[in-house]
Amino acid sequence: MTIGVIEIKITDTISFLLLPLIYSLVMGLTLYLAKPFKYIGPEQSKVAEGVMVLIIGVLIAKLAISSGQSIEIIFKVGPALVLQLFGDLGTLIALPVALLLGFRREVIGMASSICREPNLGVIIDRYGFNSPEARGVLAIFVIGSMIGTPYISFLSSISVSLIPLHPYAYAMASGIGSASMNAAALVPLVHMHPAMATQIEAFAGCSNILSFCLGIYMCMFISLPIAEKLYAWLSPIIGKGDAHIDDDQALDKINDEDDDSSDGLSIGKLKRWGALLFAFSLIVAIGNVIGYHTSIVDSIIGMAIISLITITGMALERVCPVHIQSIIFISIIGLIVSIPGFPTADFVARYVSQVELTTICTAFLAYVGIAIGKDWNEFKRIGWKGVIVSVIVISGTYLCSATIAHLTLTVTGMI
């Protein structure tokens, strides 16, 4: 957070952003891989994997609270902004391509979403950190973080020039739930249509809020199940060899190993969760002070609220007679307690708004970097093929969202 955002200008309309969350991931990975550094190894990597389960809950809670705070905007922005969210399904175009390139169950993580922080959390929570699906989403996350910002800026420039869709539609499409990609896609659009700058920025901002708040639910309930079905259908046809049979067996093994919901709930477990979240909250609070100059007291109170929601959701998963993932409980609780008019809404909004999502993600990705160190050879295997899949994932969601937004704006008579 101390380093901050570094912008590298490529042209007047294309720039490359280096973000704090990338620094933390790279530093975490470097500390694991650096041979002279003896303090971080396989044991610490395994601990990092366990901690990530809790931190994913923190991330989901923050997003759910943002959803509740923005519920009125969600109902007011109109059908075009809402329907263009289904453009996220455009990422599924990458699934058959990834299969043809030789990937196996990694394609489910790669192609079920734009692979940003919330989607990463959903995949890890659903399949476990050691799963091929998690390797897939992490690979696209890392590659997308490196090339996504400059690529979507280039894609926006080319698309606006070649494809006759309304600028408002492109503005909505730029709101894919990533602040850096949102800004990068907007720069060439505003440059080409300066007279519409205010409207374009407004549509892009609302769209990004919606994607930020609802994109995780699109992934959980729509795109991820579709990706599973597509994989089951296409893998025997275009997948290489009989890999899909082995992958199904591997998935069963992963589920058996990683699903600890049957462990039940104990006082000891609650204490461990509380201790880990307390330490993580301090890290985030300090990061907020350094990066955003917020009050450390307000940040700690905000993180305490988020941590309480996270622990409650984790506990409910283990006591509920029907198996429901903790992220669903966390999402529902966070949404309810922050809806305007609910007794806790003002208090929750006041303090949680002091906790920057970027700071949470930056701390989270430091753990990710340490955890993926032991699987580094698996990530290297993804290589240039992952770049191809990343480009298709970004292009698919951007162009599909723009097309849906344009059609909806036309049908509703807004253009």
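Remember, it's a predicted structure, so these values are computed and weren't measured experimentally.
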**Q** Would you mind reporting whether D88 and I114 have side-chain heavy atoms less than 4.5 Å apart?
**A** no
**Q** Please evaluate residues V58 and V284 with respect to the criterion side-chain contact (heavy atoms from CB on, under 4.5 Å), reporting the C-alpha separation (whole Å), side-chain torsions for both, the decisive distance (0.1 Å), and the verdict.
**A** CA-CA 11 Å; V58 171; V284 172; over 6 Å; no
**Q** Check for a donor-acceptor pair, side chain of T397 on one end and backbone N or O of V393 on the other, with a separation under 3.5 Å.
**A** no
**Q** If you define the side chain from C-beta out and look only at heavy atoms, does anything of L89 sit under 4.5 Å from C400?
**A**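 With C-beta onward as the side chain, the pair stays apart.
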**Q** Taking S207 for the side chain and F203 for the main chain, is one N or O donor matched with an acceptor at less than 3.5 Å?
**A**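 Not confirmed, S207 side chain does not pair with F203 backbone.
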**Q** Output all residues satisfying side chain to side chain donor-acceptor pair (under 3.5 Å) with Y398, sequence neighbours left out; order by chain, then residue number.
**A**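 Y398 satisfies side chain to side chain donor-acceptor pair (under 3.5 Å) with S156 once adjacent residues are dropped.
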**Q** Pair I176, I152 - check side-chain contact (heavy atoms from CB on, under 4.5 Å), show working.
**A** CA-CA 11 Å; I176 59 177; I152 200 168; 3.9 Å; yes
**Q** Do I123 and L224 have side chains that approach each other closer than 4.5 Å (heavy atoms only, starting at C-beta)?
**A** yes
**Q** Does M192 form a side-chain contact (heavy atoms from CB on, under 4.5 Å) with S161? I'd like the steps, not just the answer.
**A** CA-CA 9 Å; M192 293 179 183; S161 302; 3.6 Å; yes
**Q** Judged by atom type as modelled, is there a donor-acceptor pair below 3.5 Å linking the side chain of T91 to the main-chain atoms of A111?
**A** yes
**Q** Without swapping roles, check the side chain of S281 against the backbone of A304 for a donor-acceptor pair under 3.5 Å.
**A** no
**Q** Can you tell me if S235 uses its side chain to pair, donor with acceptor, with the backbone of A232 under 3.5 Å?
**A** no
**Q** How about CZ on F86, more than 12 heavy atoms from neighbouring residues, nucleotides or ligands closer than 6.0 Å, or not?
**A**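 At most 12 heavy atoms, drawn from other residues, nucleotides or ligands, come within 6.0 Å of this atom.
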**Q** Relative to the ring of F154, is the ring of Y151 parallel (under 30°), tilted (30 to 60°) or perpendicular (over 60°)?
**A** tilted
**Q** For the side chain of S338 and the backbone of L335, is there at least one donor-acceptor N/O pair under 3.5 Å apart?
**A**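 Confirmed, S338 side chain pairs with L335 backbone.
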**Q** Report yes if some heavy atom in the side chain of I328 is under 4.5 Å from a heavy atom in the side chain of M220; otherwise report no.
**A**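 The answer is yes, as the side chains (C-beta and beyond) meet within the 4.5 Å cut-off.
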**Q** Hey, does the side chain of Q354 reach the backbone of Y351 with a donor-acceptor pair shorter than 3.5 angstrom?
**A**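 Judged by distance alone, no pair lies under 3.5 Å.
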**Q** Is the backbone of L186 close enough, under 3.5 Å, to the side chain of S174 for a donor and an acceptor to pair up by distance?
**A**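 The answer is no, because no donor-acceptor pair under 3.5 Å joins these two groups.
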**Q** Measure the shortest side-chain to side-chain distance between V337 and I305 over non-hydrogen atoms and say whether it is less than 4.5 angstrom.
**A**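 When only atoms from C-beta onward are counted, I305 and V337 do not touch, as no gap falls below 4.5 Å.
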**Q** Are any side-chain N or O atoms of E106 and backbone N or O atoms of R104, one a donor and one an acceptor, separated by less than 3.5 Å?
**A**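 Side chain of E106 to backbone of R104, a donor-acceptor pair under 3.5 Å: yes, one is there.
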**Q** Do the non-hydrogen side-chain atoms of L399 and S159 ever get within less than 4.5 Å of each other?
**A** yes
**Q** Which residue in the set I290, N288, V289 passes side chain to side chain contact (heavy atoms under 4.5 Å, CB included) when paired with I286?
**A** I290
**Q** Between Y170 and I163, is there a side-chain heavy-atom distance shorter than 4.5 Å?
**A**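 SC-SC contact between I163 and Y170 confirmed.
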**Q** Under 4.5 Å between any side-chain heavy atoms of P79 and T412, yes or no?
**A**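 Counting from C-beta outward, P79 and T412 do come under 4.5 Å.
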**Q** So, for L54 and T310, which heavy atoms are closest and what is the spacing to 0.1 Å?
**A**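 So the minimum-distance heavy-atom pair works out to O-CG2, 3.7 Å.
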**Q** I'd like to know if E356 pairs up with K62 as an ion pair, taking the criterion as any Lys NZ or Arg NE/NH1/NH2 lying under 4.0 Å from an Asp or Glu carboxylate oxygen.
**A** no
**Q** Check the pair I108 / Y127 against side-chain contact (heavy atoms from CB on, under 4.5 Å), numbers first and verdict last.
**A** CA-CA 10 Å; I108 295 172; Y127 299 100; 3.7 Å; yes
**Q** Let me see the working for S113 and S223 under side chain to side chain donor-acceptor pair (under 3.5 Å), right down to the final yes or no.
**A** CA-CA 7 Å; S113 68; S223 63; over 6 Å; no
**Q** State which residues pass ring-ring contact (aromatic ring centres under 6.0 Å, His included) with H166; sequence neighbours excluded, sorted by chain then number.
**A**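 For H166 the ring-ring contact (aromatic ring centres under 6.0 Å, His included) partners, ignoring immediate neighbours, are Y168.
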